[in-house]
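A quick write-up on the structure given underneath.
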Amino acid sequence: MDQSPPVLPELKNLRDSIDNIDAAIIHMLAERFRCTQRVGVLKAEHKLPPADPARETRQVARLRELASTAQLDPDFAEKYLAFVVREVIRYHEAAARELSEKAG
Ligand SMILES: O=C(O)C(=O)C[C@]1(C(=O)O)C=C[C@@H](O)C=C1
């Protein structure tokens with residue numbers, strides 16, 4: 001028998017929405033990484049550096065502004081971007097290594 005306490009209908013509704021939002025975020029992140037994977041290959045092929053700090057500065061300013069408008073903590077938005085970009089740069093570095101190993 002189910003021993004868990006009854007969940008309030010509102011709590012259940014909110015959790016259903018949270019689950020939908022988390023699913024959307026995962027799908028959007030997957031799309032973003034599909035794009036950055038290709039960017040990594042292009043950068044490796046054209047011998048461009050994995051990181052572009054000037055681009056990141058613009059992205060941070062833009063996301064902080066968007067976060068403010070959306071009433072989301074801008075520091076959180078900046079941390080999110082830094083977390084994602086750090087991972088992307090790791091992939092870019094791996095793509096560059098792979099290409100230079102292939103070239104011999
Ligand atoms: O736009 C680029 O040049 C990318 O490599 C993508 C990206 C990003 O994930 O948004 C990642 C690393 C760069 O430092 C800047 C931005």
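Remember, it's 1-based here, ligands and their atoms both numbered in the order they're listed. Atoms considered below: every heavy atom in the structure, side chains included; atoms not considered: hydrogens, waters and symmetry mates.
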For this session: Would you mind finding which of Lys43, Arg55, Arg32 brings a heavy atom closest to atom 3 (O) of ligand 1?
Result: Lys43

For this session: Work out which heavy atom in Ala96 is nearest to a heavy atom in Ala44; give both atom names and the distance.
Result: CA-CB, 3.7 Å

Exercise. For the residue pair His92 and Thr36, what are the closest heavy atoms and their distance?
Worked result: CE1-O, 3.1 Å

If the cut-off is 4.0 Å to any non-hydrogen atom of [X], which atoms of ligand 1 fall inside it?
X: His92; answer: 4 (C), 5 (O)
X: Glu56; answer: 13 (C), 14 (O), 15 (C)
X: Asp52; answer: 13 (C), 14 (O)
X: Thr36; answer: 9 (O)
X: Val88; answer: 9 (O), 11 (C)
X: Val39; answer: 4 (C), 5 (O)

Exercise. Taking only residues two or more places apart in sequence or in another chain, which ones pass salt bridge (Lys or Arg N to Asp or Glu O under 4.0 Å) with Asp16?
Worked result: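 Asp16 satisfies salt bridge (Lys or Arg N to Asp or Glu O under 4.0 Å) with Lys12 once adjacent residues are dropped.
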
Exercise. Considering only protein heavy atoms, which is closest to atom 16 (C) of ligand 1, and at what distance to one decimal place?
Worked result: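 For this ligand atom, the closest protein heavy atom is Gln59 OE1, 3.4 Å.
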
Problem set entry | Under 3.5 Å donor-acceptor, Lys43 side chain and Leu48 backbone |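 Side chain of Lys43 to backbone of Leu48, a donor-acceptor pair under 3.5 Å: no, none is there.
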
For this session: Flag the pair Arg90 and Glu93 as a salt bridge only when some basic side-chain nitrogen lies within less than 4.0 angstrom of an acidic carboxylate oxygen.
Result: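 Salt bridge absent between Arg90 and Glu93.
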
Exercise. If you count the non-hydrogen atoms of other residues, nucleotides and ligands that lie under 6.0 Å from CD in Glu45, is the total more than 12?
Worked result: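 Yes.
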
